[in-house]
Each structure stands twice: as C-alpha cells, then as structure tokens.
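Bear in mind the structure is a predicted one, so any value in this text is a computation, not a measurement.
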Amino acid sequence: MPDARTKTTEQTISLGLALVVTLVLGWAGINWPNFGTANFALLLLVPVVIAASGGGRMAGLGLAVLAGAVFNFVALEPRLTFAIAKSGDLLTLGVYALVAFVTASVAARLAEAGERARQDAADSAIFSAMTQQLLAASTREQVLEVAAKALEASTQRGVSLVETIGDLRLSSSQDEAAARWALAHSEMAGRGLPLFSDASSVYVAAHAGRRALLARLEGSAPQLSRLAHARDMIDEAADALDRLELAARIEADTRRTESEAMRRAIFASIGHDLRTPMTTLRAGLESISYHDPEVINPIRADALRLERTLDNLLELARLQASDALPEVSSMDLTDTIDAAIGALPQAIRDRIEVTIAEDTPLIQSDPIMLHHIVLNLLENAGKYSPETTSIQVLAHPLDGGARLSVMDEGPGIGEDVADLFGLFKRGHHSDRAPGSGVGLSVVDSFARALGHRVSIANRTDKTGTIFAIDFSDRTKLA
C-alpha cells in the first residue's frame, strides 16, 4: 500500500502532466486556428481528467478553470484575447465550463473509488494473511507480534499491541488518559480524534474477546475507514488470544480427566486385587487362638483397619467411575448408627454414647454409602481422642429433616480444616494416630453424591470436634 509521501509524489506528477498537456494544447490551438472549436473543447477535457484522477477533486476543478481560460483565449473570437465578442460564444464557454466541472467531479470520484478499491484489496490481503498466521500461532507473544506487524502494514504507522497499559511507555499524561479511557470503554481516543486530541498517539481498544487488548498507533489518526479496519484486526487478535486460552483449558481438562481416570482405575484395581486376600487374612487372624492378647489384638486391629481402608478406596473408586445416581430409600438413623458401631473394634464401641430424639424422622439416603460415612466418622473420632474419653452420637430433627452429630474430646481442628476432606490429606494432629487420609475424603465424596451437608467445628463446651451431617426431607441428587 503506498504511503503518504508516495501519494503526494503521484499527485504532483499528475498535476504537472495536466499542466503540460494544457499548455501543449494551447500552443497547438494558436498555431492551428482551423482545428475546430468542438474538437479543441474535447481535447481540453483530457488534462482536466488527468488532474482530477491523480490529484483529486480540487486539482480537477482548478484545471477546469485553466482549460476554460485557454479555450476562451484560443478558440473564441476575438482569438488570442480573453474578450468575448458574441453572446453565443459566452454560452459556449459557460457550457464548456459546466462540462469541465462535471468531468472533474466524475473523474475525481472514480479515482477515489478506485483508490478505495485498491486499499480494500490490500487490506483484505493483509487481513487474510494475518488470520492464517494467527491460526498457526501457539503463544500469546506470537499472536501479539503477528497482529502488530499486520497493523503496521495496514496503517503505515508504528504500532504497539499490549494487554495492559503497564506494557506501554507513555510519554505524557494525555497519552496515559487516552490509553486508559480507550481500554476502559473499548473505544478509540488520541491525536486527531475528538477525545484526548492532545495526545501524541492514537489508542484503539478491542471490542471482541474476553481479554483486554490495546493498540497504540504512532502519530495522528488515519482515516476513519483505516481506523475501522484496524479495529477489525485488533478484534481478530483478541479472538485469537481467547482461542489460545480456550485450547489451553481444554488441554488441561483433558490431562486432568486422563489423570483422574487413571487414578480411579488404580484405586479400583487395588481394591479389587487386595480385597479378597485381605478378607482371607482377617478370617485367619480371627481363628487364631493365641495365649497373649497383647500380641494378637493389635495385629487383628491393623488388619481390620487395612480392610476398611481398602473398602473405602473401592467404594470411592466405584462412585467416581460411575455416572449413575445413588439409589436412595427411607432409612432409620437408629439402624444405621447401630450397624456402624457394630463394625468397630470393641475398644471404640465401649466409648460411644448414643442419644436419638424420639421425633427424629426417617431420612432419605443410600444404605451402603451412609454406612461408610457414619463408620468413618466414628472411627475418626476414636483415633483422635483419648481412650478414656467418650464419643457422643446425637440425632435429632432439624428444619424438616434430621441432623446426625459425632462429638469427640480430641484436640480439635486447626487452620488446616480445608484439607481434612482431601484424599490422602491429614490434619496437623495426624502424628497422634495411624491413618491414610482416606476416611474423611470418603465422607465428603459420599455426602456430596447423596446431597447431604457435612460440617465440622470445634466444640464450645470443651476441647473436641463436632462432625455433623444434615439430611433434608427435600434431598435431590445432583
């Protein structure tokens, strides 16, 4: 696309050529007086067309005036003077002037239309090339570089393309104000525009895209058509940045999904492969008669804890691998609590105190999953509280549903409460009791799947922790 200097040179050449042609025709008219008035008038339209086509409307109109003077001087009587002897010649001169003016206007319009067509074609080529390069760009830096080069080629100005104003070196407060206003309103401002015209550059912000994108065009504002095209290019760059961000998210989600699938498969495999031999081992330990209980009882307890951990992992893997909703039914919390207590070691069972309000309603839940929830809460309370303290289990109505609470007299919870429900995460008191960090993760995952709400807090009456499960009578599985 020609720059301003090249265009000025072309206009000068066109105007000079038109003047030369006019002078040559005048010389010819002087030396060949019998050439014919009509023919001479038509020939004098040629420099008008040349001036208007290359120099614009004003140049064409100026040549039309000069050509009319030459026509009067050479072709009308008395010749070689600017006087007009006949009224008919005055009319002829008037008609010629009108034709010359119209010809200049039409030629200028055609030239402008042709110039716009050439600019549009060049802009389309630049835009198309930029679009192809943006599709191939794989980083933010590449997108900004490609778009900046395309803008420079289109506007014939130095361009800086950034996402934040901090990436620009602003020379004045006016420039900073123009840049901030353009970015805040997704508009344009700066030198040559109504807003912040005292700035040294033009600032254009993207309309499209979720990310902010700002271009600085050095110097004054180009034509509005150029600015509109520049805006389209900036919008395309903003869309390209959004595509990159979306592609990165999709890739991250894919990797996370694959990792999650692998983790579930590993859990399921571990649970499946170890559950049967673990059951056999426990059965064998239960059948062993050993004269020293202090030796055999810890072994049996460890085997029971290992079996329960494997059961938790297997159930958790099954929940995460299945898209089916849990099958809920009406249940009595009394039966659920009794079954969970019965599955615990005798040492923990002896410490549990159960209080169930008579008006506690039936709840809606999955029997197996709720069994794991209550069992893990009771076992967690037993592990993290002294053996001489009690574990209280309370059930009572709440907001049309019911609440089940498990209260211990352990050390309570600290600032790491957010990590307690994470898989393989253990609290800051984990060194006081054995465990793998699976139990509370099972509680949280199963409760979420069932639509129950689990909460944790420190006791206010004494040291200890309260785990509570809220069951709504409007439980809806998500």
Side-chain angles (χ1 to χ4, degrees), residues 1-16 52-59 108-134 137 141-163 165 167-172 174-175 178-179 181-183 186-208 213-240:
M1 182 181 298
D3 57 19
R5 183 178 300 177
T6 302
K7 187 174 182 180
T8 301
T9 302
E10 292 178 350
Q11 291 175 346
T12 302
I13 293 175
S14 298
L15 186 56
S53 299
R57 186 187 307 274
M58 296 306 298
R109 289 183 180 179
L110 291 176
E112 291 170 359
E115 180 63 22
R116 285 196 299 269
R118 287 191 295 271
Q119 289 181 348
D120 291 342
D123 288 340
S124 297
I126 294 174
F127 191 88
S128 177
M130 183 194 74
T131 301
Q132 295 300 319
Q133 292 175 355
L134 289 179
E141 290 73 17
Q142 289 177 351
V143 168
L144 295 179
E145 181 181 1
V146 167
K149 288 182 178 179
L151 283 168
E152 289 178 352
S154 177
T155 62
Q156 296 297 315
R157 285 165 173 76
V159 174
S160 299
L161 191 61
V162 298
E163 292 183 87
I165 295 178
D167 295 331
L168 290 174
R169 293 182 178 179
L170 300 172
S171 59
S172 68
Q174 282 290 317
D175 282 271
W181 189 92
L183 194 59
S186 297
E187 280 296 340
M188 56 185 73
R191 186 176 177 183
L193 295 175
L195 292 174
F196 304 99
S197 58
D198 292 336
S200 62
S201 301
V202 180
Y203 299 89
V204 185
H207 271 145
L213 198 58
L214 178 69
R216 177 175 64 188
L217 310 181
E218 297 178 2
S220 61
Q223 297 177 353
L224 290 180
S225 59
R226 303 264 59 72
L227 276 178
H229 183 70
R231 166 64 62 76
D232 291 340
M233 300 175 75
I234 297 170
D235 288 347
E236 188 69 19
D239 287 336

| task | Step by step, work out the side chain to side chain contact (heavy atoms under 4.5 Å, CB included) result for E187 and R231. | result | CA-CA 9 Å; E187 280 296 340; R231 166 64 62 76; 4.1 Å; yes
| What's the shortest heavy-atom distance between L214 and A182, and which atoms? | CD1-CB, 4.1 Å
| field | Short side-chain to backbone donor-acceptor contact, R216 and R169, under 3.5 Å | value | yes
| message | Show the nearest heavy-atom pair for residues A199 and A178, with the distance to one decimal. | response | CB-CB, 4.3 Å
| field | Pairwise side-chain contact, I126 with M233, heavy-atom cut-off 4.5 Å (strictly under) | value | yes
| note | In this structure, CG of L161 is separated from CD of E152 (nearest 0.5 Å) by 10.0 Å
| task | To the nearest 0.5 Å, tell me how far I165 CD1 sits from D175 CG. | result | 11.0 Å
| P222 vs L227 side-chain heavy atoms within contact, under 4.5 Å | yes
| said: How long is the straight-line distance from OH of Y203 back to CG of L183, given to the nearest 0.5 Å? | reply: 12.0 Å
| Checking T155 side chain against L151 main chain: does a donor-acceptor pair fall under 3.5 Å? | yes
| query | Taking all non-hydrogen atoms of both residues, which atom of L168 and which atom of V162 are closest, and how far apart? | reply | CG-CG2, 3.7 Å
| Euclidean distance, L195 CG relative to W181 CH2, rounded to 0.5 Å | 5.0 Å
| Which pair of non-hydrogen atoms, one from A205 and one from S186, has the smallest distance, and what is that distance? | CB-CA, 3.8 Å
| task | With sequence neighbours excluded, tell me which residues meet salt bridge (Lys or Arg N to Asp or Glu O under 4.0 Å) with E163. | result | R140, R211
| Could you state the interatomic distance from CD (Q142) to CD (Q133), rounded to the nearest 0.5 Å? | 10.5 Å
| query | Just how far is it from atom CD1 of I234 to atom CE of M188, taken to the nearest 0.5 Å? | reply | 7.5 Å
